[in-house]
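Only one structure is covered here, and it is reproduced in the block below.
Just so you know, ligand 1 is whichever comes first in the structure, and atom 1 is the first atom listed for that ligand.
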Amino acid sequence: MTDPSLASFLDVDADHPFPIQNLPYGVFTPPETTVPRAGVAIGDHVLDLAVLNDDGLFDAPELRNTRPFAQPTLNDFMALDASAWAAVRERLQTLLRTDTPELRDDAALRERVLHPRADVTLQLPVDIGDYTDFYSSKQHATNVGTMFRGAENALKDNWVHLPVGYHGRASSVILSGRDVRRPCGQTRPNDDEPPVFGPTQLLDFELETGFFVGDGNELGTPITIDEADDHIFGMVLVNDWSARDIQGWEYDPLGPFLGKSFATTISPWVVPMAALEPFRTEGPTRDPEPLNYLRAEGDAAYDVTLEVDLQTPSMSSPHTVCRSNTKHLYWTMRQQLAHHTTNGCNARPGDLMASGTISGPTEASYGSMLELSWRGEKPVPLPGDETRSFLEDGDRVILRGYAEGNGYRIGFGTAEGKILPAACT
Ligand code: MN
């Protein structure tokens with residue numbers, strides 16, 4: 001439920017990312033212990049779900065027995081079904097409402113379960129077994145195709161018929177705030193000369209969102225498109241860092257590899273799909289109509305504003321270089337999940353599936369430096385007479401996202417990281 005009139009007894013400003021309508025899930029360690037557990041963000045606080053559950057504040061006996069919140073990841077909770085997520089969310093909204101005295105009037109309980117956000121340490125919230133990256137923005141695919149193959153051949157024949165994707169690397173998915181070292185690798189800067197080894201010269205960000213699979217499917221049994229929404233737990237921001245020169249030399253014929261797998265940054269709070277329900281929207285027209293297994297009734301795009309800020313070492317504050325929106329995605333999350341499992345491939349709780357770079361129709365909405373600078377032909381102007389074509393050492397990239405409701409905001413927080421100099425050996 002995402003009722004605009006709901007209000008919490010905790011003070012939360014109208015433009016705060018984490019009102020009672022949101023309640024995103026994360027994993028945190030409180031200051032007085034080293035034991036991570038699940039929580040939700042509410043205003044500037046984190047609500048401790050493990051303690052709430054051990055105190056018997058959730059009714060469901062299975063939660064009390066299995067203690068899914070007293071774990072260092074959200075996987076056990078994600079593995080429950082959509083009705084269990086809905087019951088927990090409803091109970092949390094009840095507990096936090098202005099007119100529920102249970103937590104509001106119990107100072108001792110509040111002391112034990114509500115931590116100031118500034119006092120806790122956030123953790124990577126999910127044990128990500130598999131990470132898949134799609135390529136679902138038509139504008140992005142068209143831009144990149146135009147640069148490398150010309151406008152006539154920009155989109156490959158398959159693109160409008162299926163959500164193109166590749167298997168990424170789960171081990172290097174990192175939490176927002178962790179620095180990213182400039183990768184080293186093999187490139188071929190000059191076609192007339194042999195390849196060389198060294199630091200990437202074309203380091204880039206990719207503005208993406210991703211969803212976590214909740215309960216998965218048995219090997220051999222696809223998730224149909226009509227079932228897909230029930231298997232999607234929630235969303236995060238994703239920066240799919242890319243080394244364009246490494247990628248450009250290695251990708252033929254099997255696709256992205258070391259140019260991608262050095263790091264992928266995600267935001268710490270997983271926004272539940274229930275919080276995003278009011279922001280469903282139509283999405284772009286699909287032409288041609290997709291095959292039956294990719295067709296479903298109803299809106300499945302989401303209206304979430306996305307921004308990318310860049311701060312170079314000489315800048316005193318970040319500067320916004322891109323404004324985009326998830327509604328620009330041609331292929332929806334449910335189409336991605338149905339397509340991913342249509343061959344019987346088993347998705348598992350905690351799998352991360354990212355959208356691909358989300359570029360909008362205008363130049364200011366392109367979701368990578370590759371597009372914003374058009375391969376370096378048009379360096380992006382920054383405050384203080386600086387420009388950037390690709391990322392340099394010390395640059396900080398900050399992704400932000402939010403859905404604007406009626407008097408409230410469903411925020412994603414940020415996914416950020418700073419580039420450290422290469423250390424090639
Ligand atoms: Mn990507």
Side-chain angles (χ1 to χ4, degrees), residues 128 130-148 154-156 158-159 162-174 176 180 182-183 185 200 202-213 235-252 254-267 304 306-308 310 321-322 324-326 328-333 335-337 339-340 351-360 365-373 375 390-391 397-399 401 412 415-417 419:
I128 302 167
D130 280 295
Y131 162 45
T132 301
D133 195 22
F134 286 93
Y135 192 54
S136 290
S137 155
K138 192 174 186 182
Q139 187 69 55
H140 172 69
T142 303
N143 287 345
V144 174
T146 302
M147 276 179 233
F148 294 99
L155 281 188
K156 294 274 193 179
N158 61 1
W159 199 93
L162 56 84
V164 170
Y166 71 96
H167 290 298
R169 183 77 192 167
S171 66
S172 52
V173 178
I174 56 175
S176 175
V180 173
R182 176 180 297 274
T200 175
L202 303 178
L203 186 55
D204 204 350
F205 63 80
E206 288 192 337
L207 169 62
E208 306 194 14
T209 57
F211 69 86
F212 282 109
V213 175
M235 289 175 69
V236 288
L237 301 170
V238 179
N239 182 347
D240 183 35
W241 304 94
S242 301
R244 302 294 181 194
D245 44 358
I246 296 174
Q247 186 184 352
W249 172 231
E250 75 182 356
Y251 88 106
D252 192 11
L254 286 187
F257 188 38
L258 304 179
K260 295 287 193 179
S261 59
F262 57 95
T264 304
T265 299
I266 65 168
S267 51
V304 178
L306 301 170
E307 294 168 352
V308 183
L310 178 59
V321 293
C322 162
S324 188
N325 193 299
T326 52
H328 298 312
L329 288 169
Y330 187 93
W331 296 107
T332 63
M333 292 181 282
Q335 287 173 320
Q336 291 166 348
L337 185 56
H339 183 68
H340 203 305
D351 283 357
L352 175 64
M353 300 195 180
S355 59
T357 307
I358 306 174
S359 295
S365 63
Y366 293 171
S368 64
M369 292 303 291
L370 176 69
E371 295 161 273
L372 289 166
S373 75
R375 254 177 132 173
F390 290 91
L391 299 173
V397 177
I398 305 152
L399 272 50
F412 281 70
E416 47 185 284
I419 305 301

Is there a donor-acceptor pair closer than 3.5 Å between any side-chain N or O of Ser136 and the backbone N or O of Leu329? no
Donor-acceptor pair, Arg169 side chain versus Phe262 backbone, under 3.5 Å? no
Between Thr200 and Asp245, do the side chains contain an N or O donor and an N or O acceptor separated by less than 3.5 Å? yes
Only counting residues at least two apart or in another chain, list the ones meeting salt bridge (charged side-chain N to carboxylate O under 4.0 Å, His left out) with Asp351. none
Tell me, please, which residues at least two apart from Glu307 pass salt bridge (charged side-chain N to carboxylate O under 4.0 Å, His left out). Arg323, Arg400
Polar protein atoms near the Mn ion (ligand 1) [N, O or S; cut-off under 2.8 Å]: Asp133 OD2, Glu206 OE1, Glu208 OE2, Asp240 OD2
Mind checking side-chain contact (heavy atoms from CB on, under 4.5 Å) for Phe257 and listing every partner two or more places apart, or none if nothing turns up? Glu250
